[in-house]
Amino acid sequence: MSTERILVTYLTQAKDLQKKAEGIAVGMTVGSWTDLPLAKQEQLRSYLGEVAHIAPLDVLETGETRGLITISYPSACFTPDIPSLLTGVFGKLSMDGKIKLLDISLPPAFLERFSGPKYGIHGVRERLGVFDRPLFMSIFKSCTGLSLEELEVQFRAQAEGGVDLIKDDEIFFQDDKAPFLTRIKRFKEIGEDVAQKTGKPVLYAANLTGPSTKLIDKAKQAIEAGASCLLFNGLVYGLDLLQQLAEDPDITVPIMAHPALAGAFYPSADYGIAAPLLLGTLQRLAGADLVLFPSPYGNVAMAQTDASQLVQQLISSSGSLKPSFPVPSAGIHPGMVPKLYQDFGLDQVINAGGGVHGHPKGAAAGGTAFLAAIEATLQGKKLSDTATEHEALRLALDKWGGHS
Ligand code: 1AE
């Protein structure tokens, strides 16, 4: 039996933090301790949680102390899957007053039991043949209710802008006017047609939706039909299903994790699961090759420190897990590219929907404007200087800002 320990950090408040921590360590593992007969205590000792660290932060008006507590759990208490981990370290505890799950640190032997992303940053770059700049992705918008032909027009316009990836909107479930597999086949043909002209491939992430028991088969059919990437709302379906998709040897395309529902977990200071853990550590552990998150400056902004820590969780070395591609999203327009590059560097996928389709000259010009902004930023040029010779970029900056 493994004697390795899993370290879990919480932010909480209590009259006596030490006592609260001891209650968690025992209550979340063997349940009760001193009441057990000695022989039972010996038998259960290797499953007993322990208080590893306590860091008081401040004393509140209520007289309670707010602080960080770290509990050390024996890894023998868990199986190598996210439902076991989350239930074991935060299941019932999540309902026990003001407590927020901040971090889970896994020992090497336990971490090795997860496969993580199949492709990761390098694998996605290899599929596109682009290694020296941030990638750019465009999102289908206003697509529900459109006919297949109308969607084809939208796909072509996005591809002609030279974008690297095109993804379905996560709220696109429609299957009557533009059936899933038909749509995938047509977009593959259009993508190949455009690639002959632009000289570069485009990946299409099809939104994997429907009853959870059918999703793995549906994913395989999508790949067979030509989907080059899958979009998956993993927090809604469960991270275990994401892990199963990622571990399946027949799922041979990158998986892109959407953060839908994440706002129900991370924004509170006192409750829930911290964004770097939820959208960083856990998504990567489950096997997401690309992870969307709200950038700190868009229309559903995440705190800058959370976003930076989240990205670190996705890209920093973590056993043998490949790094996942960070995808800052939501309300992104070309004028934000220098800030995105400054904050998240080369290995990111800049992602926009409204910032592409809302371009005064249409979606193709929208993609072109983004790529010009990326190139200018990499060359250390001001966007406003490049814009004097690049009409699509100038029009985007005129509309959304970013000339300075
Ligand atoms: C954080 C997810 C963002 C997303 O999925 C989405 O559709 C963004 O759209 P825009 O770029 O804000 O229009």
Side-chain angles (χ1 to χ4, degrees), residues 134-144 146 151 154-155 157-158 161 163-174 203-209 229-237 242 254-267 273 275-276 278-280 282-283 288-304 306-308 310-311 314 324-337 339-340 343-344 348-360 362-371 373-374 396 399-402:
L135 300 181
F136 179 65
M137 174 159 71
S138 170
I139 314 167
F140 266 98
K141 282 287 155 182
S142 312
C143 40
T144 304
L146 297 192
L151 290 171
Q154 208 182 109
F155 186 90
Q158 293 175 91
V163 306
D164 302 299
L165 302 102
I166 299 172
K167 81 164 190 69
D168 276 341
D169 208 352
E170 79 285 359
I171 52 170
F172 190 47
F173 313 105
Q174 177 186 301
L203 299 184
Y204 166 55
N207 194 20
L208 189 60
T209 66
C229 192
L230 295 169
L231 176 69
F232 189 57
N233 298 319
L235 296 178
V236 180
Y237 280 101
L242 174 57
I255 302 174
M256 182 184 294
H258 195 277
L261 208 69
F265 294 95
Y266 73 76
I273 303 178
L278 183 72
L279 295 176
L282 294 178
Q283 300 273 16
D289 296 288
L290 306 106
V291 179
L292 275 72
F293 64 96
S295 84
Y297 4 89
N299 51 14
V300 284
M302 173 181 279
Q304 176 82 50
D306 274 354
S308 301
L310 186 164
V311 170
L314 294 177
S324 310
F325 237 130
V327 188
S329 307
I332 303 292
H333 60 73
M336 291 173 176
V337 168
K339 183 81 179 117
L340 284 162
D343 288 349
F344 304 122
Q348 62 175 307
V349 179
I350 297 171
N351 178 32
V356 171
H357 299 279
H359 191 281
T368 312
F370 267 103
L371 288 160
I374 291 172
K399 177 164 183 177
W400 290 299

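If you're wondering where the values come from, they're calculated on a predicted model, not measured in any experiment. Indexing begins at 1, ligand by ligand and atom by atom, following the structure's order.
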Worksheet item: Checking side chain to side chain contact (heavy atoms under 4.5 Å, CB included) for the pair Leu235/Leu279: CA distance, chi angles, key distance, verdict?
Response: CA-CA 9 Å; Leu235 296 178; Leu279 295 176; 4.0 Å; yes

Do any nitrogen or oxygen atoms of [X] lie less than 3.5 angstrom from nitrogen or oxygen atoms of ligand 1?
{"X": "His258", "answer": "yes"}
{"X": "Pro259", "answer": "no"}
{"X": "Gly353", "answer": "yes"}
{"X": "Ala352", "answer": "no"}

Practice prompt. Give a yes/no verdict on whether any heavy atom in Ala330 is under 4.0 Å from an atom of ligand 1.
Written response: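 Yes; Ala330 lies near enough to ligand 1 that a heavy-atom distance drops under 4.0 Å.
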
Practice prompt. Decide whether the shortest distance between a heavy atom of His357 and an atom of ligand 1 is less than 4.0 Å.
Written response: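 It does not, in that no heavy atom of His357 comes within the 4.0 Å cut-off of ligand 1.
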
Within the 4.0 Å heavy-atom shell around [X], which atoms of ligand 1 are there?
{"X": "Lys141", "answer": "6 (C), 7 (O), 8 (C), 9 (O), 13 (O)"}
{"X": "Gly354", "answer": "10 (P), 11 (O), 13 (O)"}
{"X": "Asn299", "answer": "12 (O)"}

Worksheet item: Of Ser138, Ala260, Gly331, which has the heavy atom at the shortest distance from atom 10 (P) of ligand 1?
Response: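 Comparing heavy atoms across Ser138, Ala260, Gly331, the nearest one to atom 10 (P) of ligand 1 lies in Gly331.
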
Fill in: side chain to side chain contact (heavy atoms under 4.5 Å, CB included) assessment of Leu208 paired with Tyr237
CA-CA 10 Å; Leu208 189 60; Tyr237 280 101; over 6 Å; no

Side-chain ([X]) to main-chain ([Y]) donor-acceptor, under 3.5 angstrom:
{"X": "Asp164", "Y": "Phe136", "answer": "yes"}
{"X": "Ser329", "Y": "Asn351", "answer": "no"}
{"X": "Asn207", "Y": "Phe172", "answer": "yes"}

Fill in: atom 3 (C) of ligand 1: nearest protein contact (heavy atom, Å)
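The closest heavy atom on the protein side is Ser329 CB, 3.7 Å.
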
Worksheet item: In terms of residue, atom name and distance, what is the protein heavy atom nearest to atom 8 (C) of ligand 1?
Response: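 Sorting protein heavy atoms by distance from atom 8 (C) of ligand 1 puts Ile139 CD1, 3.5 Å first.
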
Fill in: CD1-CG distance between Ile139 and Leu292, expressed to the nearest 0.5 angstrom
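The distance works out to 7.0 Å.
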
Worksheet entry | Interatomic spacing from CG in Leu231 to CG in Leu165 - rounded to 0.5 Å |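 Answer for the CG-CG pair, Leu231 versus Leu165, is 11.0 Å.
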
Worksheet item: For ligand 1, which part of Asp169 has a heavy atom less than 4.0 Å away: the side chain, the backbone, both, or neither?
Response: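 For Asp169, only side-chain atoms sit under 4.0 Å from ligand 1.
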
Worksheet item: Should Leu340 and Gln348 count as side-chain neighbours, where that means a heavy-atom distance under 4.5 Å?
Response: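 Counting from C-beta outward, Leu340 and Gln348 do come under 4.5 Å.
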
Worksheet item: Between Phe293 and Tyr266, does the ring centre distance come in under 6.0 Å?
Response: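 No; Tyr266 has its ring centre 6.0 Å or more from that of Phe293.
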
